Amino acid sequence: MKLLENKVALVTGASKGIGKQIAIAYAKEGAMVAFTDLNRDSVMEETEKELLALGVKAKGYASNAASFEDSERVVDEVVKEFGRIDILVNNAGITKDNLLMRMTEKDWDAVIAVNLKSVFNLTHATQKYMLKQRSGSIINMSSVVGVSGNAGQANYSASKAGIIGFTKSVAKELGSRNIRSNAIAPGFIITDMTAQIPEDARKAWEAQIPMRRGGQPEEVAKVAVFLGSDLSSYVSGQVIHVCGAMNC
Ligand code: NAI
């Protein structure tokens, strides 16, 4: 028996990057996978194809996680199509890095809306179904910089720290209904998001990591499998760092 057989997962921002690898790892463990991203483009279609090729039910949805209405709509559509949601992975996220003195209100608001408000939007929309099921696992993508802070990332760090407070509160509020809520705090993971960082700055980051390398999205996905599965049936309210001992 695979670890996620008969479970339905919804992963946000999963056409590429960490979200995509979580969707693939879930499908490999037998889960049915619904995923979202901003647009139904060729990138989403390719991910959908890869998931279907793994022999599970899978579907990509265009949905903006920062929008309350859009999140309600997509969650309702997923439940209509898949029947339930056992695992919600709030993965969608962006960066708009800058020193505080140069950070605009627009960049602050955008990062808080996409990274933090989205977690409220999707969790709020999904909780009613999980409450009826009396089970569920919510996994929120935070970051090591949500714990440690980082110069040039005041907006991003604040959004990721906010996710941790939200995760712990939901764990306490919904624990009695067998709904678990945990966060993953990745360190430096090699995706398009970190590809934006100039080569010399990236090398300097990697040199600071005790394991001397950036992580792969698949290495984050393994932890998401653990938290989504019954292997973690008594784990809730936790932040699991996946960072090669960076910022510990
Ligand atoms: P990525 O940029 O490769 O992928 C993010 C995906 O989210 C993209 O497909 C993007 O279109 C989608 N997205 C953006 N805004 C959205 C919205 N409003 N609604 C729906 N989808 C949206 O990024 P990556 O690296 O895969 O990051 C995934 C998550 O992991 C993010 O929350 C990020 O903050 C977090 N993270 C990443 C780290 C890294 O080193 N790559 C480190 C720590 C956390």
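Indexing begins at 1, ligand by ligand and atom by atom, following the structure's order. This chain uses plain numbering: 1 for the first residue, then up along the sequence. Predicted model, so just to flag it, every value in this text is computed and none were measured.
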Between ligand 1 and the protein, which N/O pairs fall short of 3.5 Å?
residue: ligand 1; atom: 2 (O); partner: K16; partner atom: NZ; Å: 3.4
residue: ligand 1; atom: 3 (O); partner: K16; partner atom: NZ; Å: 3.3
residue: ligand 1; atom: 9 (O); partner: D37; partner atom: OD1; Å: 3.4
residue: ligand 1; atom: 9 (O); partner: D37; partner atom: OD2; Å: 2.5
residue: ligand 1; atom: 11 (O); partner: D37; partner atom: OD1; Å: 2.6
residue: ligand 1; atom: 18 (N); partner: N64; partner atom: OD1; Å: 2.8
residue: ligand 1; atom: 19 (N); partner: A65; partner atom: N; Å: 2.9
residue: ligand 1; atom: 25 (O); partner: T191; partner atom: OG1; Å: 2.5
residue: ligand 1; atom: 26 (O); partner: I18; partner atom: N; Å: 2.8
residue: ligand 1; atom: 32 (O); partner: N91; partner atom: O; Å: 2.7
residue: ligand 1; atom: 32 (O); partner: K160; partner atom: NZ; Å: 2.9
residue: ligand 1; atom: 34 (O); partner: Y156; partner atom: OH; Å: 2.5
residue: ligand 1; atom: 34 (O); partner: K160; partner atom: NZ; Å: 3.0
residue: ligand 1; atom: 36 (N); partner: Y156; partner atom: OH; Å: 3.4
residue: ligand 1; atom: 40 (O); partner: G187; partner atom: O; Å: 3.3
residue: ligand 1; atom: 40 (O); partner: I189; partner atom: N; Å: 2.8
residue: ligand 1; atom: 40 (O); partner: I189; partner atom: O; Å: 3.2
residue: ligand 1; atom: 41 (N); partner: I189; partner atom: O; Å: 3.2
residue: ligand 1; atom: 41 (N); partner: T191; partner atom: OG1; Å: 3.3

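Counted within 6.0 Å of CZ on R212, heavy atoms from surrounding residues, nucleotides or ligands total more than 12; the atom is thus considered enclosed.
A pairwise comparison of heavy atoms in D37 and M44 identifies N-CE, 3.4 Å as the closest pair.
Put simply, V89 and V8 are part of two different groups of oily side chains (I, L, V, M, F, W, Y) that touch within less than 4.5 Å, one to the next.
Remark: side-chain polar atoms of E72 are not paired, donor with acceptor, to backbone N or O of D70 under 3.5 angstrom.
Taking the six-membered ring for Trp and thresholds of 30 and 60 degrees, F120 and F166 have ring planes more than 60 degrees apart, a perpendicular arrangement.
Under a cutoff of 6.0 Å and an axis angle of 45°, K20 and F35 do not form a cation-pi pair.
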